[in-house]
Amino acid sequence: MSSLIESKLIALISVNPKAGRRSSRILVDRLVEALRRRDFEVETYDNLAAVATRANELFSARRLQALIGVGGDGTAAELVNRTLPGVPITLLPTGTANLIARYLKLPKSPEECAEMIADGAVLTLDVGVANDRLFLIMASAGIDAQIVREVDSKRKERFELRPNDQGGHIGYRSYVLPLVKSAKTYRFPQIKLETLSETGTVANSTILGRWSLVFNLPQYGWGLPLSPGCSGFDGQLNHCVFKGKLVSEIIGAIFAQFWSLHRILPNVNLGRAVAYRLSPTESDAIIPYQLDGDPCGFLPIEIRTIPKRFTVMTPKTTVQKLKSSQID
């Protein structure tokens with residue numbers, strides 16, 4: 001009997017207690033039950049370091065079926081940063097934006113998630129890396145990074161006051177006051193975006209703007225198509241640079257929601273490259289940047305792509321659709 005148990009594949013569940021707008025405990029219990037019905041061993045963790053260590057051990061021993069993050073885009077980014085290349089990761093989405101889950105059409109139901117994991121279909125996607133930290137969706141510097149910093153600060157304050165409640169959870173409304181505050185106080189210092197070659201030398205393009213975004217996947221915010229044509233398979237990153245200040249950024253975002261019409265605005269620059277350098281044009285300017293919706297520091301940063309670094313379990317229909325559109 002012991003040898004039979006030891007031969008079973010194991011599904012690891014990583015629970016982010018701060019992700020999304022409500023507690024995930026009921027969903028986790030349903031996911032555990034659904035996975036066990038499919039004859040997987042299941043282990044649940046709420047500590048990222050512990051679950052990543054266990055995932056790497058099981059992957060090396062060829063006993064890991066999947067590492068499942070119960071959370072959002074930040075949860076996925078943390079798991080990729082902490083695990084070995086090739087570790088199969090997926091999400092039961094409970095975050096606020098869930099951009100990765102939307103892009104990959106991941107199921108929201110624990111039972112459907114368990115069925116997807118049992119099917120075992122995987123994709124390998126590119127990732128970006130900024131100052132040695134991996135990101136899955138995008139990096140940006142400017143007004144949105146400042147808003148993200150404000151939201152994160154407020155979330156930490158609430159979670160410290162109510163760690164066992166929902167004080168650390170956020171929703172779209174959590175962004176309203178930070179957005180208003182940042183719009184009043186942020187000075188829109190100028191950002192220099194340089195496209196780099198694979199060797200890190202400056203290529204042909206230097207763009208000056210007030211808000212700069214670099215995408216690995218074509219997702220942003222609540223699904224705005226700010227980088228149409230961006231692919232997670234092509235070994236390149238895409239940029240979107242807004243050259244104006246607050247009014248034009250808002251107009252650009254509104255236009256972006258409707259058929260990507262921001263592409264025709266004169267204050268917007270779109271393009272692609274394998275690597276970028278973002279830096280302030282003024283030495284005393286302090287410009288925040290964020291990765292996948294989490295604050296990460298201040299410019300300057302260098303960004304490049306790592307092809308096929310993210311192994312993700314998805315529905316078979318997603319594998320078929322995205323593979324049919326990629327260029328190998």
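Start at 1 with the first residue, then count along the sequence. For clarity, every value in this text was computed on a predicted model and none was experimentally measured. Side chains are part of it too, since the values below use all heavy atoms of this structure and drop only hydrogens, waters and symmetry mates.
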State the [atom1]-[atom2] distance between [X] and [Y], to the nearest 0.5 angstrom.
X	Y	atom1	atom2	answer
Tyr103	Gln219	OH	CD	8.0 Å
Tyr220	Ser140	OH	OG	5.5 Å
Asp144	Tyr289	CG	OH	13.5 Å
Arg30	Leu35	CZ	CG	12.5 Å
Arg54	Leu67	CZ	CG	12.0 Å
Leu291	Arg133	CG	CZ	7.0 Å

Look only at the side chain of [X] and the backbone of [Y], and say whether a donor-acceptor pair between them is shorter than 3.5 Å.
X	Y	result
Arg63	Glu57	no
Arg38	Ala34	yes
Arg309	Val80	yes
Asn81	Leu134	yes
Asp292	Met138	yes
Asp126	Gly235	yes
Thr318	Leu104	yes
Asn98	Gly95	yes
Asn131	Glu302	yes

Could you report the tightest heavy-atom contact between [X] and [Y], atom names first, then the distance?
X	Y	result
Tyr45	Glu43	OH-OE1, 2.8 Å
Ile191	Thr281	C-CG2, 4.3 Å
Val274	Ser197	CG2-C, 3.8 Å
Pro300	Pro280	N-CD, 4.4 Å
Gly69	Thr75	CA-CG2, 4.0 Å
Ser212	Leu193	CB-CD1, 4.2 Å

Residues that Arg36 engages under side chain to side chain contact (heavy atoms under 4.5 Å, CB included), provided they are two or more places apart: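 Arg36: side chain to side chain contact (heavy atoms under 4.5 Å, CB included) contacts with Val32, Val42.
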Is there a path from Phe310 to Ile306 through hydrophobic residues (I, L, V, M, F, W, Y) whose side chains come within less than 4.5 Å of each other?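 Both belong to a single hydrophobic cluster.
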What residues, two or more places apart in sequence or in another chain, satisfy ring pair (Phe, Tyr, Trp, His ring centres under 6.0 Å) together with Tyr186?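 Per chain and number, Tyr186 pairs via ring pair (Phe, Tyr, Trp, His ring centres under 6.0 Å) with Phe188.
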Under the ring pair (Phe, Tyr, Trp, His ring centres under 6.0 Å) rule, collect the residues that match up with Phe135, sequence neighbours excluded.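 Listed in chain order: nothing, the list is empty.
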Ile286: hydrophobic cluster co-members (side-chain, 4.5 Å):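 Phe298, listed by chain and number.
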Might you work through the side-chain contact (heavy atoms from CB on, under 4.5 Å) test for Phe40 and Ile10, ending with a clear yes or no? CA-CA 6 Å; Phe40 294 114; Ile10 298 176; over 6 Å; no
With a 3.5 Å cut-off and sequence neighbours excluded, list the donor-acceptor pairs that the side chains of residues 116-123 form with protein atoms.
none

Flag the pair [X] / [Y] as yes when at least one side-chain heavy-atom distance between them is below 4.5 Å, and no otherwise.
X	Y	value
Phe215	Leu237	no
Cys113	Leu106	no
Ile68	Ser14	no
Gln236	Thr305	no
Pro295	Pro288	no

Take a 6.0 Å sphere around CZ of Arg304 and say whether it holds more than 12 heavy atoms from other residues, nucleotides or ligands. no
Please walk me through it: do Ser279 and Leu299 pass side-chain contact (heavy atoms from CB on, under 4.5 Å)? CA-CA 5 Å; Ser279 58; Leu299 299 186; 5.5 Å; no
Decide yes or no on side-chain contact (heavy atoms from CB on, under 4.5 Å) for Arg187 and Gln146, but give the supporting numbers first. CA-CA 11 Å; Arg187 300 305 178 189; Gln146 180 61 35; over 6 Å; no
Name the one of Asn269, Leu213, Ile303 that satisfies side chain to side chain contact (heavy atoms under 4.5 Å, CB included) with His239?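 Of the listed residues Asn269, Leu213, Ile303, the side chain to side chain contact (heavy atoms under 4.5 Å, CB included) partner of His239 is Asn269.
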Side-chain donor-acceptor pairs of residues 82-93 under 3.5 Å, sequence neighbours excluded:
from: Arg82; atom 1: NE; to: Glu78; atom 2: OE1; distance (Å): 2.9
from: Thr83; atom 1: OG1; to: Leu79; atom 2: O; distance (Å): 2.6
from: Thr90; atom 1: OG1; to: Met313; atom 2: O; distance (Å): 2.9

